[in-house]
Number of protein chains: 2
Amino acid sequence: MRPRRGVAGVSETSQQPDASQRASAKSDLTRQRVLDAAAQIFARRGFSGTTLSDIAKAAGLKTGSLYYHFASREDLVAEVMARGVRQVAESVEAALAALGPEARPIERLRTAVEQHLLCLLERSDYARANTKLSSEVPPHLRSLHAANEEIYGALWKDLLAQAAAAGEIRSDLSLSAVRMLMLGAMAWAPEWYRPEAGPARDLARTFSEMTFAGLLPLR
Amino acid sequence: MRPRRGVAGVSETSQQPDASQRASAKSDLTRQRVLDAAAQIFARRGFSGTTLSDIAKAAGLKTGSLYYHFASREDLVAEVMARGVRQVAESVEAALAALGPEARPIERLRTAVEQHLLCLLERSDYARANTKLSSEVPPHLRSLHAANEEIYGALWKDLLAQAAAAGEIRSDLSLSAVRMLMLGAMAWAPEWYRPEAGPARDLARTFSEMTFAGLLPLR
DNA sequence: GTCTATATATCGATAGAC
DNA sequence: GTCTATCGATATATAGAC
């Protein structure tokens, strides 16, 4: 049987909260283990390079057992992707919040760039899996996922629009082209980045320097 | 039976050049049709999203017939990828040659950027297929392909190194990081670019402007 | 909840007729 | 050269024991 989900699976009127919570806790823990394994493997081998048996083995289960936790492979993929967007969004939003309300738009934009890239490179298997999966996944899953990406994309539109409105970035370039080019450069980074070549922080700095000040010699 | 390849399949001592050329021409034409169909479909649906029967159908053949022209799916993929790198390299090299020998390094670099992106966006299914496949393909194929990419990568290393040596771009940034970030931004572009949003030339201009002059207001 | 066993589908690849 | 037919491997998914 499949466990009830929603509202964290906790029955509000239960007389034995401990028992019901413990039962749900075991299921949730396994489910989490499966998701973590899936995110890690999807991030490395991509959508079609990853089978359910790969994931089950990494999570210490047999393939058939996955269907207790997920209705289908698509459902599992969709949840990994949703978590991926959410983790990046939360990372970036937290860093922006830490800047405080008096931060200038350009500083907020630079913070977003560096956090997005750091999250992708060294913080989250889910984030890496999401970017990789989003370019491989069949149209059906892609459109299911579009709404999540849209919300995060709106944050970037705002950051760029406000920087432009404040005159802190150029206004003669298409902001949507700029946004996609920046996100693209970062999305591709996990494909070639090797930690041995240097810390991710340095790469993030290089990227924001190149993006904001450009490659031409400083005047 | 498989047709002889190499030296364009033409027998130098044949008494009936017409006949032998016509025979090889038919095979070569079909082979070309298969490759074109494969490049187009791989570019759109990726490695695992594309089956041999998809390709055969698009080329007007049955699946089994593909094996007359290619020994395996891997061989077909490898040839599509090899052509992809070659087409981009030839596009860029032709544009560089057209600049003439007196062109300054920064101008050569800008030309390479714009040609690379244009080739990816609107010139070549093979180029698009190659970038998409290279991030999906199993390790075995990836290393087979590494040598081709290495050669093209060397062209970019040269362009950047010479621009830096001439003092025409900044020397305080890691050139290899810069190179990969630029190639990555362009590699991702086919994923989101829609011709309705504007000509590819404009996008190429936006990218080179952003890369060289940066997003900060012009001083 | 997880297991084993199996149904079902599909893909890459091969063999042989034409 | 292309076809039809089919083999063998592997993947997702299901059923039922424990």
Side-chain angles (χ1 to χ4, degrees), chain A residues 1-5 9 19-38 41-42 45-80 133 136-138 140-141, chain B residues 1-5 9 19-38 41-42 45-80 133 136-138 140-141:
Chain A
M1 249 257 280
R2 330 213 50 248
R4 291 182 303 130
R5 298 241 145 250
S20 83
Q21 278 174 9
R22 221 179 302 126
S24 120
K26 177 188 176 186
S27 171
D28 286 355
L29 228 75
T30 305
R31 191 182 146 90
Q32 180 73 36
R33 226 172 52 233
V34 171
L35 282 165
D36 288 350
I41 303 181
F42 276 129
R45 299 200 280 234
F47 180 70
S48 65
T50 303
T51 70
L52 289 182
S53 95
D54 292 334
I55 296 170
K57 183 176 292 183
L61 289 180
K62 299 295 179 180
T63 310
S65 311
L66 295 180
Y67 288 86
Y68 175 79
H69 302 280
F70 301 93
S72 70
R73 184 178 126 113
E74 283 205 357
D75 278 22
L76 172 56
V77 169
E79 183 155 345
V80 167
L133 290 170
E136 275 188 61
V137 124
H140 171 244
L141 269 172
Chain B
M1 250 259 278
R2 328 212 53 245
R4 291 182 304 130
R5 299 239 146 251
S20 81
Q21 278 173 9
R22 222 179 302 123
S24 122
K26 178 188 175 188
S27 171
D28 286 355
L29 229 76
T30 305
R31 190 183 147 89
Q32 180 73 37
R33 227 173 51 233
V34 171
L35 281 164
D36 288 349
I41 303 181
F42 276 130
R45 297 198 281 226
F47 180 71
S48 64
T50 303
T51 69
L52 288 182
S53 95
D54 292 334
I55 295 170
K57 183 176 293 183
L61 289 179
K62 300 294 180 181
T63 309
S65 311
L66 295 180
Y67 288 86
Y68 175 79
H69 301 280
F70 300 91
S72 69
R73 184 177 124 114
E74 283 204 357
D75 278 22
L76 173 55
V77 170
E79 183 155 345
V80 167
L133 289 171
E136 274 188 65
V137 122
H140 171 244
L141 270 172

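- Residues of residues 54-62 of chain B that place a heavy atom closer than 4.0 Å to DNA chain D, in numerical order, are Leu61(B), Lys62(B).
- For the salt bridge (Lys or Arg N to Asp or Glu O under 4.0 Å) condition, the pairs that include at least one residue of residues 49-69 of chain A, sequence neighbours left out, are Arg45(A)-Asp54(A).
- Of all heavy-atom pairs between Phe42(A) and Phe47(A), the closest is CE2-O, 3.9 Å.
- Look at Tyr68(A) and you won't find any side-chain N or O under 4.0 angstrom from OP1 or OP2 of dT2(C).
- Here the closest non-hydrogen pair linking Ser72(A) and Tyr67(A) is CA-CE2, 4.1 Å.
- By the side-chain hydrogen bond (donor to acceptor under 3.5 Å, both in side chains) test, Thr63(A) is found to be paired with no residue, residues two or more places apart in sequence or in another chain being considered.
- Here Leu35(B) contributes atom CG and Asp28(B) contributes atom CG; the two are 10.5 Å apart, rounded to the nearest 0.5 Å.
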Using a 4.0 Å cut-off on protein heavy atoms (strictly under), produce a 5'-to-3' string for nucleotides 11-18 of chain D with B for base contact, S for backbone-only sugar-phosphate contact, and - for none. SSBB----
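- Every residue two or more places apart in sequence or in another chain that forms a side chain to side chain contact (heavy atoms under 4.5 Å, CB included) with Ala78(B) is listed here: Leu141(B).
- In this structure, the separation between CG on Leu61(A) and CG on Leu52(A) is 11.5 Å, given to the nearest 0.5 Å.
- Rounded to an integer number of Å, the gap from CG of Leu66(A) to C1' of dT4(C) is 15 Å.
- Atom-to-atom, CZ of Arg31(A) to C1' of dT2(C) comes out at 17 Å; the value is rounded to the nearest Å.
- Screening residues 70-79 of chain A for salt bridge (Lys or Arg N to Asp or Glu O under 4.0 Å), with sequence neighbours left out, gives Arg31(A)-Glu79(A), Glu79(A)-Arg83(A).
- When the nucleotides dT2(C), dG1(D), dT2(D) are ranked by their closest atom to the side chain of His69(B), dT2(D) comes out on top.
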